[in-house]
Amino acid sequence: MMDGSSVFIAVQKAYYPLLCILGIPANLFTFYMICFRKCGMSETAIIYLSCLAIVDTFYLVWVILLDLCLTFLQLQPFWHSDPWCGMLGVLQYGALYSSSWIVVVFTIERYLVLSVTGARQRFTRPRTTVLTCVAIVVVSHLVSVPMGWINEVTPVNMTLEAGNLTLPRCRYKEALYSTVLVWITTFLSGGFPIVLVIIYNSLIAYHLCRSSQLFTKEERRTTIRGSNTRGMVRRTILLLGTVSVAFVVLSLPRFITYCILRTKYNDKDFDRNDYSIPINVASDLANMLQNLNSTTNFLLYCMVSRRFRQELLCTLTCGTKAREFGSFLTQNTMKVFSVAHPTTSRSPTRDAIHVVLTRQIE
């Protein structure tokens, strides 16, 4: 009979491969939908959210597919040898930084556009947004370079079904250098982004509430929902708020449990794999939520964006339903309202038939 630890390990063995199978195609399809279908988003939102879909895909590849899945599926994954032991850490933290700070910068950009006079033209240029996203990804990976030295390959004695074996393992290096870097990384990837997202989303909510009190309903419709950008600001803010809330809810438990592990249980003799200790179970559950954050964007867009759902349906049905619906409207809006025959004509050859066609657009 399986004990609690075995059950929890079995859940993780099924959870992480399933996360890859569903998450990677979902992110790639989300990228296609945002970039190549008209989902009613602003140009800057398209750039930020498509970039977020790409970096989340890389996060799933580096962290979930190559790290966690291979840990459960293979006895000796390739990253337990040099130079992969250090390189994988750089790629993982680079993707994690990129994902977190794209959400932060997108949130700050929306706040500046709403609250600062003249910021709309300055911060909503596609070229500026593209350069910002590229800078975030590049800087995130440069900042992650030192993380390549927090692990080292060491021989470890392991008891397996075949007997006792000595295998190389990529292990955390117990040193002051590693501890300092891990704490910095914890706050740069979790602590600071969570705080900034909460602050700026609160400021956005305050700004919208304040503007609703200062302007009439007609004035808000004119300023926020203009003729060319009707509803675009509202949809973008709704998407941003949904992504931000999901980011905070799914990332905060990981930040809290990691801080507890690195303070109260910061002992080299502490067995992180002992699931009879509650903090180990809580930390792994928090890790599962953190990793889930990189796969939920597709579902979030489906829930909050009507235009996204419409384009999704049109894409999945290859536009068949849309064409049938358009043909139905065309056939039923072209109507003949009257056919008049003059009664005063003496000769049938001189009869004039007047046909009045009226196109009614519904």
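Treat the numbers as computed from the prediction; the structure is a model and nothing was measured. Starting from 1, each residue takes its place in the sequence as its number.
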Stepwise side-chain contact (heavy atoms from CB on, under 4.5 Å) check, Leu68 with Asn291: CA-CA 11 Å; Leu68 294 173; Asn291 296 326; 3.7 Å; yes

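- In terms of heavy atoms, Pro155 sits closest to Thr166 at CB-CG2, 3.9 Å.
- There is no path of hydrophobic side-chain contacts, each under 4.5 Å, that joins Tyr111 to Val245.
- Ser244 and Asn201 form a side-chain donor-acceptor contact under 3.5 Å, judged by distance and modelled atom types alone.
- Ring geometry for Tyr97 versus Tyr93: interplanar angle of 30 to 60°, hence tilted.
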Check the pair Trp149 / Ser178 against side-chain contact (heavy atoms from CB on, under 4.5 Å), numbers first and verdict last. CA-CA 8 Å; Trp149 285 275; Ser178 300; over 6 Å; no

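- Taking the six-membered ring where tryptophan is involved, the planes of Phe106 and Tyr48 are essentially parallel, since the angle between them stays under 30° and well short of 60°.
- Taken together through direct or relayed side-chain contacts under 4.5 Å among Ile, Leu, Val, Met, Phe, Trp and Tyr, Leu300 and Phe29 form part of one hydrophobic cluster.
- When only modelled atom types and interatomic distance are considered, Thr315 and Arg37 share a side-chain donor-acceptor pair under 3.5 Å.
- Taken together through direct or relayed side-chain contacts under 4.5 Å among Ile, Leu, Val, Met, Phe, Trp and Tyr, Ile21 and Val11 form parts of separate hydrophobic clusters.
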Evaluate side-chain contact (heavy atoms from CB on, under 4.5 Å) for Tyr59 paired with Gln290, printing each intermediate quantity in order. CA-CA 11 Å; Tyr59 178 85; Gln290 169 82 43; 4.1 Å; yes

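- Between Phe308 and Tyr301, the angle of the ring planes goes over 60°, which puts this pair in the perpendicular group of the 30/60° scheme.
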Before you tell me yes or no, could you show the steps for Phe298 and Leu22 under side-chain contact (heavy atoms from CB on, under 4.5 Å), namely the whole-Å CA-CA distance, both residues' side-chain angles and the distance that decides it to 0.1 Å? CA-CA 10 Å; Phe298 176 78; Leu22 298 178; over 6 Å; no

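- A distance of 13.0 Å separates CG in Asn151 from CZ in Arg169, rounded to the nearest 0.5 Å.
- Of all heavy-atom pairs between Cys35 and Ile46, the closest is CA-CG2, 4.3 Å.
- Note that CZ of Phe8 and OH of Tyr15 are 10.5 Å apart. Values are rounded to the nearest 0.5 Å.
- A disulfide bridge does not connect Cys51 to Cys133: their SG atoms sit 2.5 Å or farther from one another.
- The heavy-atom pair separating Leu292 from Leu250 by the smallest distance is C-CD1, 4.2 Å.
- Taken to the nearest 0.5 Å, the CD1 atom of Ile102 stands 13.0 Å off from the CD atom of Glu109.
- Taken together through direct or relayed side-chain contacts under 4.5 Å among Ile, Leu, Val, Met, Phe, Trp and Tyr, Ile194 and Ile256 form part of one hydrophobic cluster.
- Atom CE of Met147 and atom CG of Leu181 lie 5.5 Å apart (nearest 0.5 Å).
- For Arg272, the salt bridge (Lys or Arg N to Asp or Glu O under 4.0 Å) test picks out Asp284, with sequence neighbours left out.
- Linking Ile, Leu, Val, Met, Phe, Trp and Tyr residues whenever their side-chain heavy atoms come within less than 4.5 Å places Ile136 and Leu52 in a single cluster.
- Side-chain contact annotation: Arg110 with Thr44, donor-acceptor N/O pair under 3.5 Å present.
- When the options Ser100, Ser98, Ser99 are evaluated for a side-chain contact (heavy atoms from CB on, under 4.5 Å) with Leu96, the one that passes is Ser100.
- If you take CG on Leu60 and CD1 on Ile24, they are separated by 5.5 Å, rounding to the nearest 0.5 Å.
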